[in-house]
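These values consider heavy atoms only, across backbone and side chains, with no hydrogens, waters or symmetry-generated copies. As the structure lists them, so they are numbered: ligands from 1, and atoms in each ligand from 1.
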Amino acid sequence: MRFGRFDDDAREYVITTPRTPLPWINYLGTDEFFGLISQTGGGYCFYRDARLRRLTRYRYNNVPLDVGGRYYYIRDGEDLWSPGWAPTKRDLDRYECRHGLSYTVITGERNGVRAEVLYFVPLGTNAEVHRVRLRNLSDKPRSLRLFSFVEFCLWNAWDDQTNYQRNLSTGEVEVVGSAIYHTTEYRERRNHFAVYAVNAPLAGFDTDRESFMGLWNGWDEPQAVAEGRSRNSIASGWAPVGSHQIAVDLAPGEERTLVFVLGYVENPVEEKWEKPGVVNKARARELLARFSTTKQVDAAVAELREYWAGLLSTYSVATGDPRIDRMVNIWNPYGCMVTFNMSRSASYFETGIGRGMGFRDSNQDLLGFVHLVPARARERILDIAATQFPDGSAYHQYQPLTKRGNHDIGSGFNDDPLWLIEGVAAYVKETGDLGILKEAVPFDNDPENTGTLFEHLRRSFQHVLENLGPHGLPLIGRADWNDCLNLNCFSEQPDESFQTTENRAGGTAESVFIAGLFVHVAPDYADLAELTGFPEEARATREHAATMARTVLEHGWDGEWFLRAYDHFGKKVGSKECEEGQIFIEPQGYCVMAGIGVAEGHARQALDAVKTRLDTPHGIVLHQPAYRRYRVELGEISSYPPGYKENAGIFCHNNPWIMIAETVIGRGDRAFDYWKKLAPAFREEISEVHRLEPFAYAQMIAGRDAPRHGEAKNSWLTGATAWNYVAISQHIIGVRPEFGGLRVHPCLPAEVRRLTLIRKCRGAEYRIKVRTRGTGSAPRLVVDGKPIQGTLVPWAPAGAVVTVEVACGEPDSPDKGE
Ligand code: GLC
Ligand code: GLC
């Protein structure tokens, strides 16, 4: 069952009922100022850091789920309604929400009045702009009252929810003309304030929540709106809000447009005050002047559209299947931008006050983002690397605002360092910018202790070699990619952290997954060493990788698949000898991606075992059998009910590793089949089961052991976004940059026989045509009219247009089905 439809020409998803199975959200903002917005206008906005600079308040785990946002109320005589249905929940004659690329348009109609609200963050602007259009569709003159409403957050979202003894006394505002200023704490240490303004004279306003709402009313029926009378209240402590009231008289057929701006303004400390006690509003006035007319706003919207069109033109494919094309060309890269910006901070499942940027997460997010804005990827890499310790280990997380490592979590996740190599390699392949390797980057943000970025990679690689266990496999530390496989924490107390309470830390528990990751990144690291002038190191690296691959085959192969780990006691995890958790997805993916066991036939065996033991109609579960009871020696993984999260849920993040692994052994049909099970556009038809947005990946889909098998949780901010993009675009469609050129090596399913694709890279444009007659032989390439050996198209100079024709399948077989 669907709740809307894709509009591919507009690059929008059109939601046709406000009653989606769960809130379906979108993101506003591309750079520093962001908003989350649901299909009814719920959500909030912040500047850079969702915890420390939150402009508007949002209550998580609310009842009902999604209450609070930037709402507009229309009072039409005695009638009261909202264009997005919520919060008044008055039935609409017509409703539509269009989630587009960094903007959302919500339209409601009731009794012959149409209200359309466009929400967006203009490029280079620290503000949301709301363009409100009211149209009289009837043949009678209408006299309407429009009320706006936002509730301000007292900046620090954590403190805002916990510290009421202070916070109920700090709220301050100012109202000047049609602008409401939220200035709480500006008097002392803060040099920022919020402004909420409209480009029209006011019939009234409110800034005190209780005055506006009334003590006993909810968002659905604020007292001031119900009575059609603003209180002109000035908040003093309690809960500062922003509400404008505007009289809108419309002749039959007439339309009126209003522009609201909700912005963040920061003043240099020496320019905080206009005069003692008066906030300097010059920058706010400049901001409002930029969006005071409809024409300015329309131009900013056009600019935003062009920006996205430009970004998306980097990779665009036409396969004949709109579901593939809309994922690859629009929604998946869009999601990659969102994850790059948000990491795991702010979604409807992440509160914006918990996790900062993850070391491993952000490096992986880069993989799907680097081609969109390489310069920002570069900056991110240098920030991440600066949180690495001198011994090569890394802070597991850091705060986006301060860019400092997070001490509460610390380090000891032994896969972390390797992801830096993965991220840097992707950046250099995309850009050819070897200069980044020579950048001086501090260790642990200590300016006294710096090394080149290449030195950071060297220490990442060494860190694994210096931390090998009894079988010669990498020690796992607190956890590897699977945060919940905690082999060094035997936790019996409910208040402990599974990850950081390391009471069995020692030199025994080993990870086959890290071994696979190590072998996978080694060739890239070796190439980078060579390109940077360390050929000896490149050679040594390749030897280390070969040794590790042999070790995996010797101690990490279980007979039919790769083992997952050795626990603290040296017992196998992920083996047929185990009672539960006999086979895990992660090592099958990464070991095969690394090429381990391909020649021996083990790769095929391992992937066949995944197919028979882990595959379901909704994707591949993490392991089987699920853990039915808590196992103290394995940790958090066995704490979840079977089928959820790491306990045999479908982790959409690691499924693509299997897809890529399938392409390594040339099985495009299987790879594609796995992708279709997860790709949101392919799950649109079962939205009532899936429940989350049909245009954004989810972190997890409940596994087959769960009563709610197929139900997704945790949309948007997940490694699934980048990895699924990498799998479909770079490995199944098969176009990816490498150090020496553009690899064009499709591994397509039978159902995609032809495609055309444009890839822009390093200033040149590659126009690629693929024809396939099925699998069975290596693709044959003709570049600018000349056949080439292999599948690597050499880099062309900037400005060049290169044509690439690719034929796949048996050359002499009859051209079936054309
Ligand atoms: C979450 C974490 C990620 C981890 C994964 C599996 O998505 O953000 O770092 O790898 O869970 O545990
Ligand atoms: C897993 C979860 C993640 C959580 C982490 C630590 O990675 O997916 O959400 O933060 O474990 O418990």
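Here D483 has heavy atoms under 4.0 Å from ligand 1 in both its backbone and its side chain.
A side-chain donor-acceptor contact under 3.5 Å links S575 and D558.
Interface of N482 with ligand 1, defined as ligand atoms under 4.0 Å from a residue heavy atom, comprises 12 (O). Near E646, meaning under 4.0 Å from one of its heavy atoms, ligand 1 places the atoms 6 (C), 11 (O), 12 (O).
Side-chain rings of Y525 and F518 stay apart, their centers remaining 6.0 Å or farther from each other.
Taking 4.0 Å as the cut-off between side-chain N and carboxylate O, E633 and K571 do not count as a salt-bridged pair.
Checking F651, Y590, W419 one by one against W481, the ring pair (Phe, Tyr, Trp, His ring centres under 6.0 Å) holds for a single residue, F651.
Where the criterion is an N or O separation shorter than 3.5 Å, residue side chain and backbone included, H653 fails it with respect to ligand 1.
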